[in-house]
Amino acid sequence: MIALAALALAAPAQADTLVDNVNGITLDKDGKVVRFTGMVIGTDGKVKQLLDRKDKRPERPDFKEDGKGRTLIPGMIDAHGHLMGLGLSLMLLDLSETRSLAEAQAAIKKYADENPELPWIIGRGWNQEKWGLGRFPTAADLDAVVPDRPVWLERVDGHAGWANSAAMTAAKITAATKAPEGGRIEMADGKPAGVFVDAAVALIDSAKPKPLARDLDRAFLAAQQELLAQGITAIADMGTTIQEWQAYRRAGDKHQLAIRILSYGGDIDNMALIAGPGPTPWLYDDKLRMVGVKLYLDGALGSRGAWLKAPYADAPGQKGLPLLTPAQLRNKMVRASMDKFQVAIHAIGDAANAEALDAITDLTADLPGERRWRIEHAQIVDPVDIPRFAKLGVIASMQPIHQPSDRLMAEARLGPDRLKGAYAWRSMENAGVRLAFGSDVPVESANPFPGIAAAISRTDAQGQPFGGWHPEEAVSRETALDGFTRSAAYAAFAEDRLGTLMPGMRADFLIVDTDPLLASPEDIRKMVPLETWIGGYRYYKKGG
């Protein structure tokens, strides 16, 4: 982290740079592949010229970088992530790699024993589906390893939390506590069992210690270092709070802001506090901008909070949880749109996606201008609703890596007859829908290359299932690359400066060891950035 801070404090490129002898790949403004062997970067950090093999090179560039024949591609843009969530996850207890309840309990006990000074044990990443538990974990499972201090652990998708008895006592949770609208408290024998879903998470969250400003500053730098090493040069930060925005501003003021942050406020209150009367201008040399607002319409499949048209196949009495009434959703959309903020709506279940599309239909005629409505995730969509995305110009902001992670769980939650519109990238593309791709970090790793591999193969890291899961929904390599570059920029009104390496665009690029337009999914999955450049300045070098 210290090394990154020192690197970021250095001035960006102040002279013409020639990056030569590369297998250069970019998309042009229309999405067509352009190949080149050299690139000239101006003193303003923008691409000045792309060079073919036969083109004359500048005779005396101020700086020359020999690419040694390696592949150069645009920097990856994560169209949907949680930047501070990543940073805090790197500082707190991480259960994402645990494979059983017993393994998680051992990790929790070890962390508690190693951190006796912490008043609460806070972490994230548990997933009862991955554990094969067949149920939600309980407070008793936590009490068995940490009985004396509050423990509060966020589920991997961020839509449920797991508390021990001490945490519920600290939050004054009793058998009489009612779940708020849009939330659910898991019960056992008439008492809260320890798991709180969606809006009910706030019951415990309100009691836990809040991170201090210095904690957020540390978390940001940790997250930034991780993203640079994974080839992420820009990220749409979904759900930014005023405290997080202040941390980004502090980093910018100290010249420690390397990646580009496309911010979407966490609901209307944060949007108004941060940006006031409208989207902010680009700050810190195009490193930071608040462009819109993120609204939650439902929960997630894993916690059965995703709002479905028909009951869950594995829980016949449940359809999930709408988190906003139709009036609330439309009022928030109008409030944001009147001040020209872009609206991004979290919708995972088919009922939530249909309701989001209904709301957009209702408002579009009364809100002229280019809105670029976004639906985040769009995981389970009734096939009859897919053409509506295109008709309304709605961007489908999807995360390809969710498909291999969620495959077995989705089959259990929905049953085989309701998977036609699940993670339906090709159907969306064929209908004329603009696809923006991301990771939902820290729900998944921000590493974009497994996401590209999943998009083109519909398989997981082990190549399963053979031939791909619903392989008819796989997309081409060009579409996958576009989703993480050009269209991800378009999805945040940033296509005038980010997303391609055509002349006049910001020189954000990666040097990698594999050509993603020619390599197998297995080889793409193993790709790692050797260098990460932003604005014509190298911020990361593998092993450097």
Side-chain angles (χ1 to χ4, degrees), residues 84-85 88-89 91-93 95 101 104-105 107-109 111-113 115-128 133 135-213 215-216 239 241-244 266-270 273 296 298-300 302-305 318 320-325 328:
M84 201 59 77
L88 291 170
S89 74
M91 295 166 57
L92 302 175
L93 172 60
L95 298 174
L101 174 60
Q105 287 173 311
I108 295 162
K109 185 175 190 314
Y111 183 86
D113 291 345
N115 295 277
E117 78 288 355
L118 294 179
W120 281 55
I121 302 301
I122 298 173
R124 68 171 313 281
W126 60 272
N127 184 351
Q128 83 282 3
L133 195 57
R135 62 172 174 85
F136 278 125
T138 65
D141 295 326
L142 285 176
D143 295 342
V145 289
V146 185
D148 55 338
R149 274 184 288 172
V151 179
W152 179 234
L153 306 167
E154 191 178 88
R155 194 181 185 277
V156 63
D157 56 19
H159 287 270
W162 175 23
N164 69 349
S165 296
M168 290 193 287
T169 299
K172 299 182 170 54
I173 303 293
T174 69
T177 302
K178 301 294 184 188
E181 186 176 351
R184 186 175 76 246
I185 301 173
E186 291 292 314
M187 305 293 287
D189 300 323
K191 297 185 297 185
V195 165
F196 298 76
V197 178
D198 285 316
V201 164
L203 296 172
I204 305 284
D205 261 346
S206 61
K208 76 177 184 184
K210 301 294 186 288
L212 302 174
D215 298 324
L216 295 178
T241 66
I242 181 64
Q243 294 84 3
E244 292 166 355
D267 217 306
I268 298 296
D269 289 347
N270 282 296
L273 274 172
Y296 278 100
D298 70 343
S303 51
R304 297 190 188 88
Q318 297 181 27
L321 301 164
L323 301 182
L324 297 171
T325 67
Q328 287 171 332

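Residue numbers count from 1 along this sequence.
Put simply, OG on S303 and CD on E186 are 9.0 Å apart, with the number rounded to the nearest 0.5 Å. For the atom pair E154 CD and F196 CZ, the distance stands at 14.0 Å (nearest 0.5 Å). Annotation: the span from L324 atom CG to D267 atom CG amounts to 7.0 Å, rounded to 0.5 Å. The CG atom of D141 lies 7.0 Å from the CG atom of L133; values are rounded to the nearest 0.5 Å. Taking CG from L142 and NZ from K109, the interatomic distance works out to 13.5 Å, rounded to the nearest 0.5 Å.
One N or O on the side chain of N164 and one on the backbone of A167 form a donor-acceptor pair closer than 3.5 Å. Checked by atom type and distance alone, the side chain of Q128 pairs as donor or acceptor with a backbone atom of G302 at under 3.5 Å. No side-chain donor-acceptor contact under 3.5 Å links D215 to the backbone of P211. Between the T177 side chain and the I173 main chain, no donor and acceptor come within less than 3.5 Å of each other. Between the side chain of D157 and the backbone N or O of A300, no donor-acceptor pair lies under 3.5 Å.
Heavy atoms only, all atoms of each residue included: P192 and A175 are closest at CD-CA, 3.8 Å. Between L95 and A107, the closest heavy-atom pair is CD2-CB, 4.0 Å. Residues A170 and A207 share a closest heavy-atom pair of O-CB, 4.0 Å. Taking all atoms of both residues into account, the shortest heavy-atom contact from L92 to G123 is CB-CA, 4.3 Å. Contact between G161 and W126 at its shortest, heavy atoms only, is C-CZ2, 4.0 Å. The minimum heavy-atom distance linking N127 with R155 is given by the pair OD1-NH2, 3.0 Å.
A 4.5 Å side-chain heavy-atom check between L323 and E181 finds every atom pair outside the cut-off. Two residues are said to be in side-chain contact when any heavy atoms from C-beta on lie closer than 4.5 Å; L153 and R124 fail this criterion. Annotation: side chain of R135 is in contact with side chain of L101 (closest heavy-atom distance under 4.5 Å). Looking at heavy atoms from C-beta onward, L321 lies in side-chain contact with R184 at the 4.5 angstrom threshold. Counting only heavy atoms from C-beta outward, the side chains of V146 and I108 approach each other to under 4.5 Å. Residues I185 and L203 have side chains in contact (heavy-atom distance under 4.5 Å, counting atoms from C-beta outward). Counting heavy atoms from C-beta on, the side chains of P322 and D298 never come closer than 4.5 Å.
Within 6.0 Å of atom NZ in K178, 12 or fewer heavy atoms from other residues, nucleotides or ligands are found, so the atom counts as exposed in its surroundings.
Applying the side-chain hydrogen bond (donor to acceptor under 3.5 Å, both in side chains) test to pairs two or more places apart or on separate chains, those with a residue in residues 188-201 are H159-D198.
Side chains of S165 and D143: a donor-acceptor N/O pair is present below 3.5 angstrom, by distance only.
In this structure, the ring of W120 has its center no less than 6.0 angstrom from the ring center of W152.
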(request) Report the C-alpha separation of K208 and I204 in whole Å, then their side-chain angles, then the decisive distance to 0.1 Å, and conclude whether the side-chain contact (heavy atoms from CB on, under 4.5 Å) test is met. (result) CA-CA 7 Å; K208 76 177 184 184; I204 305 284; 5.6 Å; no
(request) Apply side-chain contact (heavy atoms from CB on, under 4.5 Å) to the pair L118 and Y111, showing each step before the final yes or no. (result) CA-CA 10 Å; L118 294 179; Y111 183 86; 3.7 Å; yes
